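Here is the naming used below: chain letters follow the sequence lines, and residue numbers restart at 1 for every chain. Since the structure is predicted, the reported quantities are computational estimates derived from the model, not experimental observations.
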There are 2 protein chains.
Amino acid sequence: MENNKKIKVHIADDHQILIDGIVAVLKNEENIDVAGHSLNGRLVIDWLNENKADVLVLDINMPEVDGLEVLRYLKKNKLELPTIILSSYDDVKLVKEVLKMGADGFLAKKCAGENIVEAINSVYNGDQYFSNEVQKDLVAAAVGKTIRKKVHQDGVFSSSLTDRELEVLQLISIEMSTKEIAERLNISTSTVDTYRKNLLQKTKAKNSVGLAMYAVRNKLL
Amino acid sequence: MENNKKIKVHIADDHQILIDGIVAVLKNEENIDVAGHSLNGRLVIDWLNENKADVLVLDINMPEVDGLEVLRYLKKNKLELPTIILSSYDDVKLVKEVLKMGADGFLAKKCAGENIVEAINSVYNGDQYFSNEVQKDLVAAAVGKTIRKKVHQDGVFSSSLTDRELEVLQLISIEMSTKEIAERLNISTSTVDTYRKNLLQKTKAKNSVGLAMYAVRNKLL
DNA sequence: AATCTTATCCCTATTTTTAGGGAGTTGAAA
DNA sequence: TTTCAACTCCCTAAAAATAGGGATAAGATT
C-alpha cells in the first residue's frame, strides 16, 4: 500500500484512448502507479525533467518528437530508465533498431492489456520483455535469453543498415531514381545499384516500394 | 434501463488495448451496449452475419481485411449500418475516401474517449460526426453541414481516385508487381499498366515509390 | 441523343530496376 | 599483421516500370 513501493510508470502515446485503456488496466495493479502520461515525445522529455519514473512505456509513432528521439535523448543524457516500446507492428527489424537504441521491452499493441503488467514488472527488475510473436522471431534468429548482451557485445542485432545504405534508402524513399541518387552522392550508378541490392536483401523487401515502406515503418525518414 | 433500448455497438480495432479502453469508457454509458468486438475486418463481417449491431466503430488499419474492405462489403450488401471510422490521423483526404465509401463518422484516435460517446449517439440518430480538427478542415473546404448530400450528389468530396485505382494503389503499396496485381484482380497486365499511369498522373508521383508514399501520407492502406 | 466516367484492353519503345557474379581500397579492430 | 566491414566500381542479362498513343463497352448524367 505504501506509495514508495509502487513502480512509477510514465506512459507516452499520441492516442488518448489508448492511454485511457492502459491506465484502466493498470489501475487494478497495486504495485504500479501511473505517475504521468504524455501525448508526444517532447512532453515526455519535459516531464522527465521535472519528475521521476521507474519505467517508461513509449510509443514509437508520435507527432513532433517520436519515440526513437526520446530513446536517443535518454541515451545521450545517460538516463537509465527501463523503457518498453509500444508498437503497432511486431516487426523484427524495428525490434532490432530500438534494442540497439537502449529499449528494454517491446510490446505489440495488439497484445492484450494484461501483458503490459508483466512487461512493466519485467523491465523494472532489469529483465527484458517481448511480445509473443516478436519473441518467437527473435528465438528463430537463434538467440536465447541473453538478448541484451548479444546486442551490446557483438552487435548481432544492430541494425544491418550502414550509414551509406541508409542514405540511399532515404533518397529512394523520396522518389529518386538510381541515376539521380548517383549524381546527388557523387558516386557511380553501379555503386547505387550495389546499395539497392544490399538493401533489398537486408530488409527482405521485394522492390523499391518495399524499401520505402520499410523506411516508413522504421521511421528512417 | 431496458436492454432493447440500448444502442448495440460493435468495435473493430486490431489493438486489444484500444478496444479495452473504449469498452471501459462505454461501460459508464447506460444507453450504449458493446455487443461485440473484433480484431480484424474478417471477424467483423463474420460477426455481422450472426449478430446485429446498431453502430459500427471501425478502425482502418487492420490486418487481413481492413476497414475499407468492411465498408465495401457493407455497401455491396446494402447493409445500412451507421459506421464511425477510427483513425490514427485526421487526414482530410482519408475522410473524403471513407465518406465516399459510406462511413458516417470520423474519429481521430487522439481524441479523448468521451467523444466516442457523442459520435455513437450522433450516427445512431442519422447524423454525422467528425473529430474537431477534421471538421475544421472540412469547413475550410467550403462545406457546411450537408456533407453527406454533397458527397452523394455531386461528388465534391470524391477522391480523384476511382475505386479500382485505389485498389491497385493498395496492391502496389504491398510490394506487388504489375503481373501479380493483374492475377489478383483477374484483369490483364495492360489494364494494371493503365491504372499505374493514371495513378502517377493523378498523384503527381514520379514512380511506384511515390505512389506508395502517397498512400501512406493519405492513409489509404 | 449526346456526353462523360469508369473499367477494360492493346501496341511500341525506352528507361529503370532487379539478380547474379566479381573485385579493389581503406580504415578500424582483433 | 591479418581480418573484416564498409564503400566503391564493373559486367551481363532478365524483368519490370514508365511514357506515348489509341480503343471499346457499360452506365450514369445531362
Side-chain angles (χ1 to χ4, degrees), chain A residues 96 100 151-215, chain B residues 72 75-76 97 100-101 149-215:
Chain A
K96 295 175 189 172
K100 191 182 158 200
V151 175
H152 290 163
Q153 277 180 0
D154 59 38
V156 163
F157 276 104
S158 66
S159 163
S160 41
L161 302 192
T162 68
D163 290 349
R164 208 55 162 166
E165 284 165 350
L166 180 59
E167 219 169 349
V168 171
L169 175 59
Q170 289 168 337
L171 296 178
I172 288 174
S173 301
I174 57 173
E175 308 179 36
M176 279 189 164
S177 71
T178 296
K179 196 196 288 182
E180 288 169 333
I181 295 171
E183 281 162 11
R184 166 77 76 92
L185 299 181
N186 285 316
I187 55 182
S188 92
T189 56
S190 311
T191 309
V192 180
D193 275 335
T194 303
Y195 289 129
R196 285 193 103 103
K197 278 185 288 191
N198 292 340
L199 283 167
L200 285 174
Q201 204 187 354
K202 286 182 174 180
T203 66
K204 295 181 180 44
K206 287 183 181 172
N207 52 35
S208 295
V209 168
L211 293 179
M213 298 303 261
Y214 173 91
Chain B
R72 268 186 225 111
K75 205 174 181 180
K76 186 190 289 177
E97 300 272 356
K100 191 184 155 201
M101 297 180 72
K149 284 179 187 167
K150 285 280 182 192
V151 174
H152 291 164
Q153 276 180 3
D154 58 39
V156 162
F157 274 103
S158 68
S159 158
S160 45
L161 301 191
T162 67
D163 290 350
R164 209 54 162 166
E165 284 165 352
L166 179 60
E167 220 169 349
V168 171
L169 175 59
Q170 289 169 337
L171 295 178
I172 288 174
S173 301
I174 57 171
E175 306 180 36
M176 278 191 165
S177 70
T178 295
K179 196 195 290 182
E180 288 168 334
I181 294 171
E183 280 163 10
R184 167 76 77 94
L185 300 181
N186 285 314
I187 55 181
S188 92
T189 56
S190 312
T191 308
V192 179
D193 274 334
T194 302
Y195 288 129
R196 287 193 102 104
K197 278 186 286 191
N198 293 341
L199 282 167
L200 285 174
Q201 203 186 352
K202 285 183 174 179
T203 65
K204 295 180 178 48
K206 287 182 179 172
N207 52 35
S208 295
V209 167
L211 292 179
M213 298 305 259
Y214 173 91

What residues, two or more places apart in sequence or in another chain, satisfy side-chain hydrogen bond (donor to acceptor under 3.5 Å, both in side chains) together with B:T178? B:R196
Measure CG/A:L185 against P/D:dC9 and give the value in whole Å, please. 10 Å
Within the pair A:S208 and C:dT18, is there a side-chain N or O less than 4.0 Å away from OP1 or OP2? yes
With a 4.0 Å cut-off on heavy atoms, is B:S190 in touch with a base, just the backbone sugar-phosphate, or nothing at all? base
Tell me which residues in residues 167-182 of chain A put a heavy atom below 4.0 Å from DNA chain D, sorted by number, or none. none
C:dG27 C1' sits how many Å from A:D163 CG, rounded? 14 Å
Expressed in angstrom and rounded to an integer, what is the separation of A:L200 atom CG from C:dT17 atom C1'? 9 Å
I'd like to check the salt bridge (Lys or Arg N to Asp or Glu O under 4.0 Å) partners of B:R164; sequence neighbours left out, ordered by chain and number. B:E167
Applying side-chain hydrogen bond (donor to acceptor under 3.5 Å, both in side chains) to B:T194 and not counting sequence neighbours gives none
Round to the nearest Å and state the distance from B:L161 atom CG to C:dA7 atom C1'. 15 Å
Atom CG of A:L166 and atom P of D:dA6 are separated, to the nearest Å, by 13 Å
Taking atom P of D:dG20 as reference, at what distance in whole Å does atom CD of B:Q201 sit? 9 Å
Is any side-chain heavy atom of B:L169 closer than 4.5 Å to a side-chain heavy atom of B:E165? no
What does the inter-axis angle of the helix from C:dA1-D:dT30 to C:dA30-D:dT1 come out as, five pairs per end, nearest 10 degrees? 50°
Can you check whether A:L199 reaches A:Y214 side chain to side chain, under 4.5 Å on heavy atoms? no
Could you list the residues that satisfy side-chain contact (heavy atoms from CB on, under 4.5 Å) with B:A205, not counting sequence neighbours? A:E175, B:L200, B:T203, B:L211
Separation of A:N186 CG from A:T191 OG1 (nearest 0.5 Å): 11.5 Å
Please enumerate all residues that pass side-chain contact (heavy atoms from CB on, under 4.5 Å) together with A:S190, with sequence neighbours excluded. A:S188
In whole angstrom, what separates B:L211's CG from C:dT16's C1'? 15 Å
Please determine if a side-chain N or O atom of B:S188 lies less than 4.0 Å away from the OP1 or OP2 oxygen of C:dT8. no
Residues in side-chain hydrogen bond (donor to acceptor under 3.5 Å, both in side chains) with B:S173, at least two apart? none
Proximity to DNA chain C (any heavy atom under 4.0 Å), residues of residues 191-199 of chain A only: A:D193, A:R196, A:K197
In chain order, what residues pass the side-chain contact (heavy atoms from CB on, under 4.5 Å) check against B:E183, with sequence neighbours excluded? B:K179
Length of the line joining B:K206:NZ and C:dT15:P, which is rounded to integer Å: 17 Å
For A:L171, enumerate each residue passing the side-chain contact (heavy atoms from CB on, under 4.5 Å) test, keeping only those at least two apart in sequence or located in another chain. A:I174, A:M176, A:I181, A:R184, A:L185
